[in-house]
Amino acid sequence: MATPGTHVTLGGLARKLVQDGLLNADQAQKAQNEARELKQPFVSQIVKSKLVDSLSVAQAASEEFGVPLVDLDCLDIDVEVTKLVKENLVRKHHTLPIYKRGNRLFVAVSDPTNLTGLDEIKFHVGMSTEAILAQDDKLSKAIDLYMEASETSLSELADADLDEVDFSDTDDHGGDVSETEADDTPIVRFVNKVMLDAINKGASDIHFEPYEKNYRVRFRMDGVLKEVAAPPGAMAPRLAARLKVMSRLDISERRIPQDGRIKMNLSKNRSIDFRVNTCPTLYGEKIVLRILDPSTTKLGVDHLGFEPEQKDIYLSTLHKPYGMILVTGPTGSGKTVTLYTGVNILNQPHTNISTAEDPVEINMPGINQVNVNPKVGLDFAQALRAFLRQDPDVILVGEIRDLETAEIAIKAAQTGHMVLSTVHTNDAPQTLTRLVNMGVPPYNIASAVSLIIAQRLARRLCSHCKKPLDLPKEALLEEGFTEKDIKQGLKVFGPVGCDQCTDGYRGRVGIYQVMPVSETMGRIIMEGGNAIQLAEQAKKEGIPDLRQSGLRKVRDGVTSLDEINRVTID
C-alpha cells in the first residue's frame, strides 16, 4: 500500500483505470507490485483478483492504446494457426495466434504493453505480428482450449488405426508374461478406444467391472461415474489379460490385487500415464485405471479455486524457509494437484526438491522423485531419512500414515526445511488431533505445522446453460446463507444440460478451508484441546470452513447448491 505523501508511479493502463474510477491509486500500485512478484501480466492480476471485470479492463486498454477489441467467443479460430507458435511461448506471454493473412499474424493479447512478447513471437514465426485485444479471462480459456487441441490431436488419434497406438511400459515388475488371448486384435482395439475416449472426455478414472451376467465400463467424469460401454460378459477374462499385459502384471495371478502402470504416448511432446489396480471379485477381476495427466499442474495456482485471501495465505506460507503444509481430503479430492502446484512454484534451479510418493503420480522435471516400495524396505520413513542426508530445501511426502513418518517429517520442518504432505481427515482442525492420536507430541505439532488445507472438488456449472433458481428465503437461510447475502440480491444457479457439458456441469473447482496454525491454536493443542475447540478458534479468527467456502462458490455462480450439498455437510 502506498502511504500518504509517497509518490506512486503507475503505468499507462494502471493510470487509465485510475482515471476512469475503476481502481484507486493504492489498489493499482499494489496490483502492479503483485503482478511483478508473481511474474504475470498486470491485466491478469487485476482480473484474477476481481478488482475490475475483464470487459471493463479490455475496453479501457483498447481506448488507451488504440488496439482493436475482439470477442474471442464469436471467432472461429483455425487450430492450424494456433500451432504456428509453440505452447511455451503462448503461455509465457499469455497470447494466442488467431488469424493469418499473408505474412501477417494477428495475435490476441490482454496486455497490449507486452511488446517483448510480440517481438519474441515475431522472431519465432518469421512473420510480422499485430496485436488484437481480448478479455483476459476469455483469452485464458481459449489458450487452454486450443493448446490442448493442437498438442494432443486426439480427434485424429481416435479415428486412426487403434492397433497402432503407442504404449510403453513404465513398470519393472518384469517377469515373462504369456500374452495368449491378451493380444486378440478386437480386444486391443476396444481397450485402446476406451482409453482414448476417456482422455477425450476429461475422465479421471476408468472402471472395468465384471458381473455374473454382464460387464460394464464406466468413466469418472467431474467426480461422478458414468457408464460408457457394456461389452459381452464373456470378454471379461480377455479384457483383464490385455490390461494386465499392458501394465506388466502377472496375468496368471488372479487371486490377489496387483498394481502397475501404463504409459500412452499421444505425441512427441505429450504422454499420459495410467495407474492400474486389479482386484479379484466374485465374477472376475475389476480393474481401475487412474489417469495421470501432468498438464494439470501447469494450470497455475489461480485455476485451483482458491479465494484471493486463501491463495495469498498459501503462497506466503510456501515461500517461508521452513515449516509444514498439510493438505487433507478424501481420495480424488485434488490434494496431489494442490501440492504439486505449490512445488511447481518452488521449482527453481537454486532449490533442491525431493518427493516420496506411493506411487509418483505426476512426473516433473527438476524434482527428485522417489517411488516408495515397501516390498524392498523403501517406505516413507526410509526415503525421508535419505532426503535429509542430501541437503534438501523442500520435501514432499505423499502421505503421513504412521508415527515414524510423522516424526521425521516434523523434525525436518523444525530444522530449516519446507515439508509438504497429506493426511486423511475430514477437515483442517481434525488434522491436528489426528497427529496427536498418532503419538506426535503436541509441542512438536504446534512448532512445526504452519498451514493446513482441507479440500473437496465440486463440479462447475456450465456457463452456457446454467439457469437462475427461484428459492424461498427460508430455504436459503436453512442452507447457511445470511440475511446480508439475501439483501444483497443473492442469485443461486442450477444445472440444465447442453451439448457443451455433462448434465449441466463442465470441469471442477476446489472448495478449500485454508487454516494457518496461529499461536492460540498451538496453545490449544499443547493444552490437550480437541478438534471442536480448534474449529471454534478457527471461526473466531475468521477462517471459513468447507461449507462456507462452498456457499461462496454458489453465491458467485460457480457451482450449484446441490453440488455443494453433495461434497460438504451442513
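Hydrogens, waters and symmetry mates are skipped; everything else that's a heavy atom, side chains included, is used.
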Checklist entry - Is R216 reaching over with its side chain to a backbone N or O of V228, donor-acceptor style, under 3.5 angstrom? => result no
Item to check | Euclidean distance, L476 CG relative to L561 CG, rounded to 0.5 Å | outcome: 7.5 Å
Next on the checklist: Can you tell me how far apart NZ (K92) and CG (L89) are? Round to the nearest 0.5 Å.
Outcome noted: 6.5 Å
Checklist entry - Regarding S560 and D562, is there a side-chain donor-to-acceptor distance under 3.5 Å anywhere? => result no
Checklist entry - So is K226 actually on top of F219's ring, under 6.0 Å and inside 45° of the axis? => result no
Next on the checklist: Checking E227 against V217 for the side chain to side chain contact (heavy atoms under 4.5 Å, CB included) test, could you report, in this order, the C-alpha distance in whole Å, the side-chain angles of both residues, the deciding distance, and whether it holds?
Outcome noted: CA-CA 6 Å; E227 184 170 338; V217 180; over 6 Å; no
Checklist entry - Do S110 and Q135 have side-chain N/O donor and acceptor atoms under 3.5 Å apart? => result no
Checklist entry - For the residue pair F208 and L289, what are the closest heavy atoms and their distance? => result CE1-CD1, 4.0 Å
Next on the checklist: What I'd like to find out is whether the side chain of F380 reaches to under 4.5 Å of the side chain of I400, using heavy atoms alone.
Outcome noted: no
Checklist entry - Do you know which two heavy atoms are closest between L72 and A142, and how far apart they sit? => result CD1-CB, 4.0 Å
Next on the checklist: Determine whether E309 and R552 satisfy the following criterion, salt bridge (charged side-chain N to carboxylate O under 4.0 Å, His left out), listing intermediate values before the conclusion.
Outcome noted: CA-CA 13 Å; E309 62 275 12; R552 185 166 174 178; 2.5 Å; yes
Item to check | Minimal non-hydrogen separation, Q513 against L546, with atom names | outcome: N-CD2, 3.8 Å
Checklist entry - Do the side chain of K491 and the main chain of D470 share a donor and acceptor less than 3.5 angstrom apart? => result no
Next on the checklist: Counting C-beta onward and ignoring hydrogens, is there a side-chain heavy-atom pair between L326 and L435 closer than 4.5 Å?
Outcome noted: yes
Checklist entry - Hey, would you say the Y512 and F306 ring centroids sit under 6.0 Å apart? => result yes
Next on the checklist: Looking at P495, is its backbone amide N or carbonyl O close enough to the side chain of K467 to form a donor-acceptor pair, meaning the two atoms are under 3.5 Å apart?
Outcome noted: no
Next on the checklist: Could you check whether any side-chain N or O of D259 sits under 3.5 Å from a backbone N or O of N277, counting only pairs where one atom can act as donor and the other as acceptor?
Outcome noted: no
Item to check | Test side chain to side chain donor-acceptor pair (under 3.5 Å) applied to S421 and E399, step by step | outcome: CA-CA 6 Å; S421 189; E399 184 185 347; over 6 Å; no
Checklist entry - Any side-chain heavy atom of L304 within less than 4.5 Å of one from V337? => result yes
Next on the checklist: Between Q258 (side chain only) and E253 (backbone N and O only), is there a donor and an acceptor less than 3.5 Å apart?
Outcome noted: yes
Item to check | Student check: side-chain heavy atoms of I353 and N347 closer than 4.5 Å | outcome: yes
Checklist entry - Would a distance-only check, ignoring hydrogens and angles, find a side-chain to backbone donor-acceptor pair under 3.5 Å from N373 to K375? => result yes
Checklist entry - Which atom names give the shortest non-hydrogen contact between L461 and G494, and what distance separates them? => result CD2-C, 3.7 Å
Item to check | Spacing of NZ belonging to K213 relative to OH belonging to Y283, to within rounding of 0.5 Å | outcome: 9.5 Å
Next on the checklist: For F190 and N192: C-alpha separation, side-chain torsions, deciding distance, then whether side chain to side chain contact (heavy atoms under 4.5 Å, CB included) applies.
Outcome noted: CA-CA 6 Å; F190 177 78; N192 291 357; over 6 Å; no
Checklist entry - Is a side-chain donor or acceptor of T328 paired with a backbone partner of V423 at a separation under 3.5 angstrom? => result yes
Item to check | Check: T405 side chain, R401 main-chain N or O, donor-acceptor pair, under 3.5 Å | outcome: no
Next on the checklist: For the CZ atom of F387 and the CD1 atom of I395, what is their distance to the nearest 0.5 Å?
Outcome noted: 7.0 Å
Next on the checklist: Evaluate E307 against K311 for salt bridge (charged side-chain N to carboxylate O under 4.0 Å, His left out), listing each step before the verdict.
Outcome noted: CA-CA 6 Å; E307 300 299 339; K311 182 187 80 171; over 6 Å; no
Next on the checklist: Please tell me whether N344 and T341 have a donor and an acceptor in their side chains that are separated by less than 3.5 angstrom.
Outcome noted: no
Next on the checklist: Could you check whether any side-chain N or O of T425 sits under 3.5 Å from a backbone N or O of D427, counting only pairs where one atom can act as donor and the other as acceptor?
Outcome noted: yes
Checklist entry - Are V567 and L457 close enough, and set up right, to give a side chain to side chain contact (heavy atoms under 4.5 Å, CB included), and what steps lead you there? => result CA-CA 7 Å; V567 299; L457 284 179; over 6 Å; no
Next on the checklist: Once rounded to the nearest 0.5 Å, what's the spacing between atom CG of L339 and atom CG of L420?
Outcome noted: 5.5 Å
Checklist entry - Quick one: does P210's side chain get under 4.5 Å of T281's, heavy atoms only? => result yes
Checklist entry - Can you tell me if S333 uses its side chain to pair, donor with acceptor, with the backbone of P330 under 3.5 Å? => result yes
Item to check | Shortest non-hydrogen separation from G329 to K335 and the atoms involved | outcome: O-NZ, 3.0 Å
Next on the checklist: Between H207 and K286, is there a side-chain donor-acceptor contact under 3.5 Å, judged purely by atom types and distance?
Outcome noted: yes
Checklist entry - Going by heavy atoms in the side chains, are M195 and M264 under 4.5 Å from each other? => result yes
Next on the checklist: Rounded at 0.5 Å granularity, tell me how far CE in M246 sits from CD1 in I251.
Outcome noted: 13.5 Å
Next on the checklist: Please evaluate residues K244 and T278 with respect to the criterion side chain to side chain contact (heavy atoms under 4.5 Å, CB included), reporting the C-alpha separation (whole Å), side-chain torsions for both, the decisive distance (0.1 Å), and the verdict.
Outcome noted: CA-CA 8 Å; K244 288 163 77 174; T278 71; 4.1 Å; yes
Next on the checklist: Can you confirm whether R91 sits close enough to I143 that some side-chain heavy atom of one is under 4.5 Å from a side-chain heavy atom of the other?
Outcome noted: yes
Checklist entry - Going by distance alone, is a donor N or O of one side chain under 3.5 Å from an acceptor N or O of the other, for D137 and S54? => result yes
Checklist entry - Taking atom CZ of R434 as the centre, does the number of heavy atoms from other residues, nucleotides or ligands within less than 6.0 Å exceed 12? => result no
Checklist entry - Without hydrogens or angle criteria, can the side chains of N371 and R261 be said to hold a donor-acceptor pair below 3.5 Å? => result no
Item to check | Side chain proximity check, L451 to V514, heavy atoms < 4.5 angstrom | outcome: yes
Item to check | Which atom of I206 lies closest to which atom of A198, heavy atoms considered | outcome: CD1-CB, 3.5 Å
Next on the checklist: Go through it in stages, so that I can follow the logic: the residues are E563 and R459, the test is salt bridge (charged side-chain N to carboxylate O under 4.0 Å, His left out), and I'd like the CA-CA distance, side-chain angles, deciding distance and then a yes or no.
Outcome noted: CA-CA 7 Å; E563 186 65 8; R459 291 179 292 173; 3.1 Å; yes
